[in-house]
Amino acid sequence: MAGHYNTLGFGCKLISICLHPTRRPHFTPFLPFHWSSSLNTTQQQTAVHHYQSTNPNLSHRFGCHQSKPSTENPTMESIGVLMPAPMSSYLEQELEKRFNLLKLWTVPQKPQFLKDHSSSIRAVVGNAGNGADAELIEKLPKLEIVASFSVGVDKVDLNKCREKGIRVTNTPDVLTDDVADLAIGLTLAVLRRLCECDRYVRSGQWKKGDYKLTTKFTGKTVGIIGLGRIGKAVAKRAEGFSCPIAYYSRTAKPELKYKYYPSVVELASNCDVLVVACPLTEETRHIVNREVIDALGPKGVLINIGRGPHVDEAELVSALVEGRLGGAGLDVYEKEPEVPEQLFGLENVVLLPHVGSGTVETRNVMADLVVENLEAHFLKKPLLTPVV
Ligand SMILES: O=CC(=O)O
């Protein structure tokens, strides 16, 4: 399976592994286990082939865990895995099969609960909203690994983890397509006023007259902050709309044909749509500030599918309210789930509740990756997607 494979070969191998009675005794025969409820067989095969071809390094695990649940790995049953907040019922179910899952949000006395279980908690499963900060890490002396159900690990105190020898994993690659799709969706929604048009129809206003003209997307210059996995996937999609692509990143990538700008202000001055797609770090906090917003200008559109704190939100709100920025499509905010109410009445703004990777297919594959990182760690095997 390493290297490359053809679609037919992979399909056959997948089915033969899935049906093997001893490999994965606890999932529905004939169907890759977590897709059985949400997708029909053709959709499952299409999704598997797609993930397989776009993530060849992850190919071994989709639809078929190689390792066994706790009934066959009894040593894992006593391992305390702390989940601070709900994130996926499928993930909870898979963790419960293998470990002693402790759901912090369900207990009223959290500090006491943490004290009571501090000697058994060896793993924390966090996400984009709830990670493991220094305070939590200090309360868990037996903590060995933080497995994040997210690609971004800005809510995990990575320095503290390094200092204490705690491993950290995330869920890269598997969510790239969804997040990039959403960036394009937000761009179209803002430029073509899709949400506003929908409201226009629903409220009966169409009967009184046609909706006003909007702005074309095809051919607009798309500037991307951060040309990592997600940034590149956004670029690839925007190329499909004949958009010239420009980018800012710490270093130029001469192997790519896109135009590089050595500063975000220069990038913003030279693009129509500016997409934030970099990880949140101390260097990228407020990377979109007043100067960048002014450079983007009254015709420019900001799309944020990264993290809220990438953007100086107060500056963004005043620029939008004052008409100094053309529009914004936001999936993330500085203090989620709080969203500045001044944005609610603006037709040139589309607001989403942090749903970049929020599809059934992707969240389930992310869950598999979390589980498999934990299993690998406790079986003393190499982590699949290590951060620390
Ligand atoms: O925001 C979502 C993620 O980091 O995966």
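Every number for a ligand or one of its atoms is a count from 1 in the order of the listing.
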Legend entry - Lys259 charged N/C atom sitting above Tyr261 aromatic ring, 6.0 Å / 45°: yes
For ligand 1, which atoms, with element, lie under 4.0 Å from some heavy atom of [X]?
X: Ala128; value: 1 (O), 2 (C)
X: Leu175; value: 5 (O)
X: Gly152; value: 3 (C), 4 (O)
X: His354; value: 1 (O), 2 (C)

Legend entry - Aromatic ring pairing Tyr260/Tyr248, orientation class (parallel under 30°, perpendicular over 60°, tilted between): parallel
Inset, instruction - Specify whether Phe217 and Phe241 have parallel, tilted or perpendicular ring planes, treating 30° as the upper limit for parallel and 60° as the lower limit for perpendicular. - result: tilted
Legend entry - Salt-bridge criterion met for Asp173 and Arg229 (N-O under 4.0 Å): yes
Inset, instruction - Please determine if Glu96 and Lys103 form a salt bridge, counting it only when a charged side-chain N lies under 4.0 Å from a carboxylate O. - result: yes
Legend entry - Option passing side chain to side chain contact (heavy atoms under 4.5 Å, CB included) with Asn304 (candidates Val311, Leu316, Leu274): Val311
Legend entry - Test of proximity, Ser357 against ligand 1: N or O pairs below 3.5 Å: no
Inset, instruction - Check whether any N or O atom of Thr171, backbone or side chain, sits under 3.5 Å from an N or O atom of ligand 1, and answer yes or no. - result: no
Inset, instruction - Measure the distance from atom 5 (O) of ligand 1 to every protein heavy atom, then report the residue, atom name and distance (to 0.1 Å) of the closest one. - result: Val151 N, 2.7 Å
